[in-house]
Amino acid sequence: MGTQETSAQSTLSYKLAFISIFIGLLALNIWIFFVHGQGTWQIKAELLLEFIAFYTFVFGFLTQTGILKNSRDLENIVRDMTSPNLYEFTRGNFVFLAILFSSLAEMLEPRKTQFNPFYLLELPLLLVVGLLMFVYAAIHIVVIIPMLYIPYAIVSVLIRNIQTSANTIGISYGNEMMAIKNIVSSNVVSIRNLLIAVPAAVFSLMSEIILTLGWNI
């Protein structure tokens with residue numbers, strides 16, 4: 001009984017620490033984007049929306065090209081990276097970063113199967129690539145994970161409601177009948193990204209128009 005209570009307390013402590021770190025990073029991003037620095041909140045919000053739109057658009061595009069569908073494990077990682085479950089979302093993103101750095105380790109392998117005439121350029125180039133990857137990893141952990149989780153959680157609620165709907169609504173186009181539920185269920189990750197990218201891009205454009213016209217909100 002004591003062992004179970006200790007295990008439950010450890011799990012609770014872990015969850016509280018995990019959530020506290022997440023909230024801390026989220027608060028840091030809010031401070032960076034909306035409190036720190038000069039410029040109106042409209043300009044800062046526009047910058048954030050452009051960043052979110054760009055990331056989710058590229059992510060959604062990659063999922064549609066098949067680059068991220070080479071294996072079932074990779075598909076699961078991609079799905080976790082857009083999951084409404086905070087633990088799965090964080091795990092998926094850290095596994096993605098682990099894959100990224102594993103590819104760097106592969107590039108740094110000194111033994112090669114073929115001679116490279118640009119051998120002398122390899123090490124400086126790989127050092128630059130490694131530095132850029134470390135910078136990206138820091139941005140991914142500090143900015144992308146805390147700032148993208150909430151939008152993914154919101155759109156996942158909408159998608160879940162479609163998937164669990166008791167009725168199946170279809171659209172007839174020529175001789176084809178397209179069931180909305182089937183389309184959504186077959187493209188969950190892409191639709192999650194699309195539902196974030198499009199509104200973010202539209203609101204960013206609206207903000208730009210408002211600023212151009214000289215209207216202040």
Side-chain angles (χ1 to χ4, degrees), residues 14-37 43-108 125-156 159 187-201 203-204:
Y14 166 78
K15 289 182 177 180
L16 289 175
F18 184 85
I19 294 173
S20 298
I21 293 173
F22 175 80
I23 293 174
L25 288 174
L26 183 61
L28 175 63
N29 279 275
I30 292 174
W31 180 78
I32 290 174
F33 280 102
F34 296 103
V35 179
H36 179 68
I43 295 175
K44 296 175 181 178
E46 183 183 337
L47 175 63
L48 178 61
L49 289 171
E50 288 177 353
F51 174 79
I52 291 175
F54 176 77
Y55 174 83
T56 50
F57 175 79
V58 172
F59 192 6
F61 172 77
L62 291 176
T63 58
Q64 285 299 103
T65 59
I67 296 174
L68 302 179
K69 293 184 178 181
N70 292 331
S71 69
R72 173 59 61 181
D73 290 337
L74 201 54
E75 287 187 34
N76 291 335
I77 293 169
V78 170
R79 185 177 292 265
D80 283 348
M81 290 177 68
T82 63
S83 172
N85 183 301
L86 179 58
Y87 303 103
E88 292 179 356
F89 177 78
T90 306
R91 179 186 64 197
N93 279 275
F94 272 92
V95 171
F96 165 74
L97 292 176
I99 294 173
L100 201 63
F101 281 99
S102 295
S103 65
L104 177 62
E106 189 78 19
M107 286 187 285
L108 290 170
L125 179 60
L126 290 177
L127 289 176
V128 172
V129 170
L131 179 61
L132 292 176
M133 288 175 65
F134 274 105
V135 172
Y136 172 78
I139 295 174
H140 197 100
I141 293 171
V142 177
V143 179
I144 292 177
I145 292 178
M147 293 302 289
L148 266 296
Y149 169 71
I150 294 176
Y152 278 126
I154 293 173
V155 299
S156 293
I159 292 174
N187 302 277
V188 172
V189 174
S190 298
I191 291 177
R192 282 174 180 164
N193 284 300
L194 185 66
L195 289 177
I196 296 173
V198 173
F203 282 118
S204 176

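Atom set for the values below is all heavy atoms of this structure, side chains included, hydrogens, waters and symmetry mates excluded. This is a predicted model, so every value here is computed, not measured.
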Side chain to side chain, [X] and [Y], heavy atoms closer than 4.5 Å:
{"X": "Phe51", "Y": "Met147", "value": "no"}
{"X": "Pro151", "Y": "Arg192", "value": "no"}
{"X": "Ile99", "Y": "Ile77", "value": "yes"}
{"X": "Leu131", "Y": "Leu127", "value": "no"}
{"X": "Leu195", "Y": "Ile159", "value": "yes"}
{"X": "Asp80", "Y": "Asn85", "value": "no"}
{"X": "Phe57", "Y": "Asn193", "value": "no"}

Nearest heavy atoms of Gly60 and Thr63, plus distance in Å: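 Heavy-atom minimum between the residues: O-OG1, 2.6 Å.
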Exercise: identify the closest heavy-atom pair between Tyr55 and Leu148: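 Result for this residue pair: CD2-CG, 4.0 Å.
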State the [atom1]-[atom2] distance between [X] and [Y], to the nearest 0.5 angstrom.
{"X": "Leu48", "Y": "Ile32", "atom1": "CG", "atom2": "CD1", "result": "11.0 Å"}
{"X": "Tyr87", "Y": "Lys15", "atom1": "OH", "atom2": "NZ", "result": "5.5 Å"}
{"X": "Thr90", "Y": "Tyr149", "atom1": "OG1", "atom2": "OH", "result": "8.5 Å"}
{"X": "Phe61", "Y": "Leu194", "atom1": "CZ", "atom2": "CG", "result": "14.0 Å"}
{"X": "Ile196", "Y": "Ile191", "atom1": "CD1", "atom2": "CD1", "result": "12.5 Å"}
{"X": "Arg79", "Y": "Glu88", "atom1": "CZ", "atom2": "CD", "result": "10.5 Å"}

Phe54, CZ atom: more than 12 neighbouring heavy atoms under 6.0 Å: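 Count not over threshold, so no.
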Parallel, tilted or perpendicular: rings of Tyr152 and Phe59 (30°, 60°):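 The arrangement is perpendicular - the two ring planes meet at more than 60°.
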Step-by-step side-chain contact (heavy atoms from CB on, under 4.5 Å) determination, Met133 to Phe101: CA-CA 8 Å; Met133 288 175 65; Phe101 281 99; 4.3 Å; yes
From CA spacing to verdict: side-chain contact (heavy atoms from CB on, under 4.5 Å), Leu86, Phe18: CA-CA 10 Å; Leu86 179 58; Phe18 184 85; 3.6 Å; yes
Audit row: His140, Phe96, side-chain contact (heavy atoms from CB on, under 4.5 Å) steps and yes/no: CA-CA 10 Å; His140 197 100; Phe96 165 74; 4.0 Å; yes
From CA spacing to verdict: side-chain contact (heavy atoms from CB on, under 4.5 Å), Ile141, Leu97: CA-CA 9 Å; Ile141 293 171; Leu97 292 176; 3.7 Å; yes
Test item: Thr56 side-chain N/O and Ala53 main-chain N/O as donor-acceptor pair under 3.5 Å: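 Yes, because the side chain of Thr56 sits within donor-acceptor range (under 3.5 Å) of the backbone of Ala53.
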